[in-house]
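Just below is one structure, and these are the notes that go with it.
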Amino acid sequence: MRKVLVIGSGPIVIGQAAEFDYAGSQACRSLREEGLEVVLINSNPATIMTDLETADRVYIEPLTVEFCERVIAQERPDGLLASLGGQTGLNLATQLAEAGILEDYNVKLLGTSLNTIRLAEDREEFRTLMREIREPVPESWIVESEEQLQELIPRVPYPCIVRPAYTLGGTGGGVASSPDDLWDIGRLGLQLSMRRQVLVERSLLGWKEIEYEVMRDSADNCITICNMENFDPMGVHTGDSIVIAPSQTLSDVEYHILRSASLKIIRALGVEGGCNVQLAVNPNSFDYYVIEVNPRVSRSSALASKATGYPIARVSAKIAIGKTLDEIENAVTKTTKACFEPALDYCVVKIPRWPFDKFTSGDRRLGTQMKATGEVMAIDRTFEGALMKAVRGLEVDTDTLHDPKFSAMDDDDLAEAVRVATDDRLWAICEALRRDWGVQRVRELCRVDPWFLERVEALAKGATVPPAMGFKMVDTCAGEFESKTPYYYSSPDTEDDFVSDTSKPAILVLGSGPIRIGQGIEFDYSCVHCAWELRELGYRSVILNNNPETVSTDFDTADALYFDPVTKEDALHVATHEGVTGVMLQFGGQTAINLADSLESSGLPVMGTSPAAIRAAEDRDLFEQLLTKLEIPKPPGRGVTSADEAVAVARDIGYPVLVRPSFVLGGRAMEIVWNESDLRSYMSAATRASGRAPVLVDRYIIGKEAEVDVISDGVDTLVPGIMEHVERAGVHSGDSMAVYPAVSLTVEEQRQMVRSACLIARELGVKGLMNIQFVVEDGVVYVLEVNPRASRTVPYLSKVTGLPMVKIATRCALGMSLDAQGYRSGVWDPERSEVSEFGLNDSVLSPPDPGLFAVKAPVFSFQKLTLVEPTLGPEMKSTGEVLGIDHSYPSALMKAMLGAGMRFPESGTALITVSNDDKERSVGIARELVAHGFRILATAGTHAHLSKNLIQSQAVSRISEGEDNVLTRVRSGEVSLLINTPSPDRSAEAEAMRIRRVCVESGIPCLTAIDTAEAFIVSLKARRDKARVHCKALDDYFPRVARKNTAAATAIPTES
Amino acid sequence: MGSPEQGDPAFARVSRKEALERHLVLKDGMVFSGEPLGADTDGFGEVVFNTGMTGYQEILTDPSYAGQMVLLTYPLIGNYGINDDDFESDRVQPTALIVREACKSPSNWRSRKTLDKFLCERGVPGIQGVDTRSIAKHIRSAGVTMGMVTSRSVADAQDFLHSVQDYGEQNFVEQVSTSAPYAWGPAGREDLDEPVADYKHKVAVIDCGLKFNILRRLAALSCRSIVLPQSVTAEEVLGWKPDGVLLSPGPGDPVLLGGVMETVRGLFGKVPIFGICLGNQMVAHAIGGKTFKLKFGHRGSNHPVKDLVSGKTTITSQNHGYAVDPSSLVGTGAEVTQVNLNDGTVEGLRHEAYGVISIQYHPEAAPGPWDSRPYFEEFVQRIERAGA
Ligand SMILES: Nc1ncnc2c1ncn2[C@@H]1O[C@H](COP(=O)(O)OP(=O)(O)O)[C@@H](O)[C@H]1O
Ligand SMILES: Nc1ncnc2c1ncn2[C@@H]1O[C@H](COP(=O)(O)OP(=O)(O)O)[C@@H](O)[C@H]1O
Ligand SMILES: [Mg+2]
Ligand SMILES: [Mg+2]
């Protein structure tokens, strides 16, 4: 074994998030420790695992059989490690094997065998195996066709549970309470299952849900890392449940009945590596059922790793290459072996983070299908302490269990709120207990174990948790052995495990908290790189974060890790404790940046860009003054506090206007408003969401959007590159496709951008990173907003420019000049690996040509979020992103779309229904589709327009206009592509919404912006001419840069 | 023994009112203050810690803890209450319980009462609200020491601690062993003479501090156990015509058990012998080996042990303060069959000539993982081979 190919998990979607970057990176490092060469393929650029520091060869390519085969053909790896790439990796490995590719290139699948994967993933084979080894599984029926479903419907007890095979996050599953439900859910499940197989199962709603994280090596040594008890009983997906580790209500006998069962199961399956076993336990007897096994590292195992300190991914990787548990060192104690079971002397609580603060229209009920985008974990010596820490860390505008929404409810409504699981049921339960309903009654409603309810009741009735005093260590062994790993949590106990290191100055890096829409893994990427660079520069890097899924909370990322909420109090507590010289905020997203003022006024020095400058960038009026002074145009508009004001402003700048509260991330509560009445209704709603800050009313400029991330030392400013958005302004920067370098911006427009960026950075005195978004109209470049911090695009841009952006920014923040680092003002030229003065020196006629095109495409999780509108707007909705890189724009675009899950229908039927503004451009699109052999369906208006332009299309009536209409056509499965752009006409829009929803739910590609549709056509062409589609490792694009990137000139810089 | 007030007038019962605060006083001078738990009496003994996260009921009734005060490192204790089944002996064995938080509202379908109520009923004191992690770390670095849980003044406690014998000097086995023989079969406890349910083998169990689960495991393999007092002689044991002999675990320093060693020696080569924990140490001494005291012992449910014969590592349940010195076994004909993966200490012995196998940890678990149950099967197979 010499060379190993590792498959990443691709874009972040609900059910498969940052935990796989954490796992994958740990695995890569673990393999390299063993002297192996690691080749990595992952389409997600916002990951540590795709860093040149993590793997030897990095391919940012779509995770498809096609591209994996090309990588295998080029690299000729001896082994394939897929069990760390989540469900994506597992399914891909299965397909590669079935396509005979692994055999052809004789690549050995490492770790868990295909046979094992099948035994665990295939619901039927699994059920059979369980029966053989006499482990109980609930009564169930396998369905593999609609016919089978039909004839099953009358025979099953209701409610029953639908569970598709080979899916993740419960996709396509659900609780069917009636035959109709079963028909709908079952059909969908069949569609979404890679194997067209669903399991219909007896309901165990209300049973305890318990998970065991277990490990097995090739020598058949088996251990459990920890077990976890769900607060929410069976029926709520474990990913959506509040989870406690270790279990609290199981006696030793029960604990070991389940432990023994779990070990028996992985032995029977022959798993090699980490594995997750889910069990349902009868609260009133020894009875239990096996629910499922995930024969791979999973979200739960990331949680278990952070909860226990046991590096599951690291050890799994070593097991995969044949090492045994008794040989592997316990990386935490460094004095014991990996073959042991962690002993906790604290309690861990995980609470999921849901996107319903943004998707106010979304269906907030929780079921067997996961909806959370992220989670927070908290550690404390008591359950109450951990629970309240977790609540504080959620960043849901409350740090108590008291929610006025529920106190306002009458008893009947409250009872319903307690009975039905939702994202905020915990608060409802608390209110009920405050009303003296008593643990018994509440239990009957929500089926949560009394042990938890008793404690919530105490808190509801005013019990307070004692304040944090010292810090305790997470050491995997409850203090039995001396441990070397500085992994801490605050505790009310005075005694302290803290081992200080005064040999070097310490700096605190604030993490970005739970992953949510608008603030994802990209920010963790920057925090990690900052921590690494600090360490490299000889500082003691200290991280504070509470997100168990991330690399930043891996115990060996920083010199010290504090697993506590990212709040002012906690930050100050850690800072004083560590005696830090300063705090880094600019990498932790809005979570960290929002603490700038309060931390500074509490006497904690903020490194880099000053809080005053941050305010100047985020405060509307201050920023306006700044731009006026610099004579940089911005969209006309004003901050208002009342509806009348708003209307007045809109009158003189003219509709459409774009309205939003200031001080929000991810364009929350932001809308394009076309008329006065809409504006008034918006104002009443928005003032609530925005709190103290005013509402901003801007003229909505319908133009090209672009953005830059720049690094400044306060004087000079380095512009790594300009990213042009594919969709015109109005689509949130996080949701639009973006291409680097710009493809249609004029040289002059790009000049203006570089110039503005440098002026703003210097005027603000930015020390570190800054992100600027522009919109272009008639050659004028307006500044939309400035984010004085690391942005979402930093990882992507770092990779395609080869510039270690965070590294450079960190040094600037510490007071080191760009010049001292070998850079200067201007635009980075990756080809020559030098700075071009384009934009600053008019003798430089054109921007540098990087010799590649990199297209970022957003990825959404609409399938999981019922009732959420799948259209693009100023409000961010995507959960993740992918990158497509190639030498030509079309190829890069095609890869991006492919990576984002677009199945290019080779031919078929396209349904086109677009707003009047878009009719003109729909002609060209339709023409190309026809040329590519598509049939076109169109609604009346669009049909008329197409016919006028002599394009064949068949008219379909609106839903309201008859039996055979657009909706029935879509339902019938006839449509393979939808192009629909929202129009101001409300009735048309109402219908469009239903159609889009159906498409999303049945997995039909949905293009909801005309620009996206045009981009689709471009890539459809590229798809056909294979010769121009390359498959290259990142550093093959510009070898020179790869070298510069890894070369680390290190010296303690002069203190700022 | 247990609470010192018998025979020591200095320690009259303190009333609830006064007992608002309780101290854990260590002989080495450390004092930790918390709230009372369990009975209003004082307790003293050797302070040891157990890192298991479940199993407090089994631990509290494990005779090997006689003369010791047990500290549980998991902070939330008593969550699932006390039930009617999970007893390892009829008594609460440790002299006091030390926890960070004792659960007042347990939740489990088998729970009958709270931990506090149970301790009160059994007259055993405890202390809660102390920082158990820092105490455990202190013991880890300073080693086990005598200590006292008391509501009286620290000075009194210190004086008392210096006036009493150290743990190692006392023979607890005499106190925990059964006074008269009894039987345990597939149906549970049986009268000796009662016509028993059919069973395959008869095992004589020398009770030095037996855990019921050992008898339950044997019964599960259809063995009938005859449990005999620790004072029994080899002749008496053989008089029961056993197919095999099991040497039980138990408290204290094995060197004090000359009588039992004598008995064990008398059984060598006559019937298959299986030693567990203290039993393992008895075997070592009986063949001329030695034991030594560990700095703070092994107590918990997560200790990895490597079986040198099979090459496999299993997670074991452990509770011992003494270990066999491997160098002392040279020339005795005994071989080390298992070692602890963390500190390399001896975890198992075999002496083929004498027909003896023994292990240092607890294959009967309770509390802890069930991975080592197969060693009972190995014992039964040896019995069968010897019988054939
Ligand atoms: N028979 C059942 N009765 C009630 N709830 C169930 C049943 N089977 C599964 N569930 C619930 O559905 C959730 C998701 O099921 P699972 O098979 O684990 O999906 P996934 O593979 O996405 O994790 C589980 O976490 C559990 O809460
Ligand atoms: N005046 C405007 N004209 C046109 N589009 C705008 C305007 N202001 C904002 N937008 C659009 O809204 C999106 C979100 O606005 P932005 O200020 O970036 O919010 P956030 O702080 O959430 O990033 C932008 O990416 C852009 O597409
Ligand atoms: Mg699951
Ligand atoms: Mg923005």
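Just the heavy atoms: all of them, side chains too, but no hydrogens, waters or symmetry mates, feed the values below. Chain identifiers are assigned alphabetically (A, B, ...) following the order of the sequence lines, protein sequences preceding nucleic acid strands; residue numbering begins at 1 within each chain. All of these numbers come straight from a predicted model, not from anything done at the bench.
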Under a 3.5 Å cutoff, is there a donor and acceptor pairing between the side chains of [X] and [Y]?
X        : Y        : result
B/Gln318 : B/His320 : yes
B/Tyr80  : A/Gln248 : no
A/Lys389 : A/Ser490 : yes

Ionic contact status for B/Lys306 with A/Asp326, cut-off 4.0 Å: yes
Is A/Asp475 salt-bridged to A/Lys484, cutoff N-O under 4.0 Å? no
Is there a side-chain contact between A/Pro233 and A/Val448 (heavy atoms, below 4.5 Å)? yes
Name the option with the most non-hydrogen atom pairs under 4.5 Å to chain A; the candidates are B/Arg133, B/His298, B/Lys104. B/Arg133
Max heavy-atom pairs within cutoff under 4.5 Å with chain A, candidates B/Ile315, B/Thr51, B/Thr73, goes to B/Ile315
Interface residues of residues 52-60 of chain B facing chain A - non-hydrogen atoms under 4.5 Å apart: B/Met53, B/Thr54, B/Gly55, B/Glu58
Could you list which of residues 371-378 of chain B have a heavy atom closer than 4.5 Å to any heavy atom of chain A, in residue-number order? B/Asp371
How long is the straight-line distance from OG1 of B/Thr345 back to CG of B/Asp343, given to the nearest 0.5 Å? 3.5 Å
For each of A/Tyr346, A/Phe340, A/Trp451, tally heavy-atom pairs with chain B at distances under 4.5 Å, and name the one with the top tally. A/Trp451
